[in-house]
Protein chains: 2
Amino acid sequence: MKQAWHPTPSEITLTGVMGALNDPVRVGLLRVLADDREHGWSELRAPVAKSTLSYHLRVLRDAGVTRTRQEGTRCFVELRRDDLDARFPGLLDAVLGAAHRDDIGARVGLAGT
Amino acid sequence: MKQAWHPTPSEITLTGVMGALNDPVRVGLLRVLADDREHGWSELRAPVAKSTLSYHLRVLRDAGVTRTRQEGTRCFVELRRDDLDARFPGLLDAVLGAAHRDDIGARVGLAGT
DNA sequence: TACATTGTTCGATGTTTCACGAACGTAGAA
DNA sequence: TTCTACGTTCGTGAAACATCGAACAATGTA
């Protein structure tokens, strides 16, 4: 299983990021990843089938919002906060703040919490 | 022609705003309206048919991004900056800054510019 | 009244998005 | 090698979206 493609910082587009964050499940994933730690795929809990979760993680990755690393058969996901902040200053914080206030994507979480 | 419906500030949702700003034409309109002045409908120039422009302005209005006022047969549109800033601090500026840097919606403009 | 202007709405069309289960490929375990 | 666990990809379907031109409604003008 080869490492998945990721956009370089300059390939990250506003349209792509806005599109990626225009879904409550993906905003929920964003909130989970906002602790800036790497999380295992299997640790993630979302109210969708695993194929759908894979799809959403792919959308986030392709947009440059997250980075996915493969290790054996396991995957680890993390937020590309530095790249996003460099590219679109303030955007991530604004979305995270708004998502927290409106409690968007609340049904997404981590195992055992 | 009665005045169109607008969401109250508390009815403005992050999901709605993100969805509204997830289209280059609408981001272009946002940039045009970012001067915080009221603009006449007929003043707006976008690379779409007038029925499509009407549709986009409706999406922005329904999301709470803009306010539309009717005066006779004419319409005037303005950005609801205060409401958006109160609801989602920093979001509008972040999007406007990013849109400017990436030149999103550049084909939208005003007549005579 | 009749006509022109302005923007909205309708109906049709093609595209994109999100969802699922099934099938698949890769890597490690037995 | 065979089996199991982990995620991805495929095929499909339903819904939402963007787009257009035509028809429409509301207002102002002749």
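Naming: A, B, ... by sequence-line order, numbering from 1 per chain. What you see below is based on every heavy atom in this structure, not just the backbone, and it leaves out hydrogens, waters and symmetry mates.
In this structure, the nucleotide among D/dT19, D/dT8, C/dG7 sitting nearest to the side chain of A/S54 is D/dT8. Nearest nucleotide to the side chain of A/C75, out of C/dA19, D/dC20, D/dT8: D/dT8. Side chain of A/T52, nearest nucleotide from D/dG21, C/dC20, C/dC18: C/dC20.
By the neighbour-count criterion of 12 heavy atoms within 6.0 Å, atom NE2 of A/H6 is densely surrounded, having more than that number from other residues, nucleotides or ligands.
Nucleic acid contact class of A/V48 (heavy atoms, under 4.0 Å, all strands): sugar-phosphate only.
The distance from atom CG of A/L53 to atom C1' of D/dT9 is 15 Å, rounded to the nearest whole Å. Note: CG (B/L21) to C1' (D/dC17) measures 15 Å, nearest angstrom. Atom CD in A/Q3 sits about 13 Å away from atom P in D/dG7, given to the nearest Å. Atoms NZ (B/K50) and P (D/dC24) sit 14 Å apart, rounded to a whole Å. The distance between atom OH of B/Y55 and atom P of C/dT6, rounded to the nearest whole Å, is 25 Å. Going from atom CD of B/E71 over to atom C1' of C/dT5 covers 15 Å, rounded to whole Å. Straight-line distance from the NE2 atom of B/H56 to the C1' atom of C/dT8: 15 Å, rounded to whole Å. Nucleotide C/dG7 holds its C1' atom 6 Å from the CH2 atom of B/W41, rounded to whole Å.
Residue A/L79 is grouped with residue A/L53 when hydrophobic side chains (ILVMFWY) are merged at heavy-atom distances under 4.5 angstrom, including chains of intermediate members.
Look at A/R74 and you won't find any side-chain N or O under 4.0 angstrom from OP1 or OP2 of C/dT26. Listed pair A/R58 / D/dG7 fails the phosphate criterion, with no side-chain N or O lying under 4.0 Å from OP1 or OP2.
Side-chain to base pairing of A/T73 with D/dG7: no donor and acceptor N or O lie closer than 3.5 Å to each other.
The two residues B/R107 and B/P47 come nearest to each other via the heavy atoms NH2-CB, 3.4 Å. Pairing each heavy atom of A/P9 with each of A/D83, the nearest pair is CG-OD1, 3.8 Å.
The pair B/D82-B/R87 fails the salt-bridge criterion, with no side-chain N (NZ, NE, NH1 or NH2) lying under 4.0 Å from an Asp/Glu carboxylate O.
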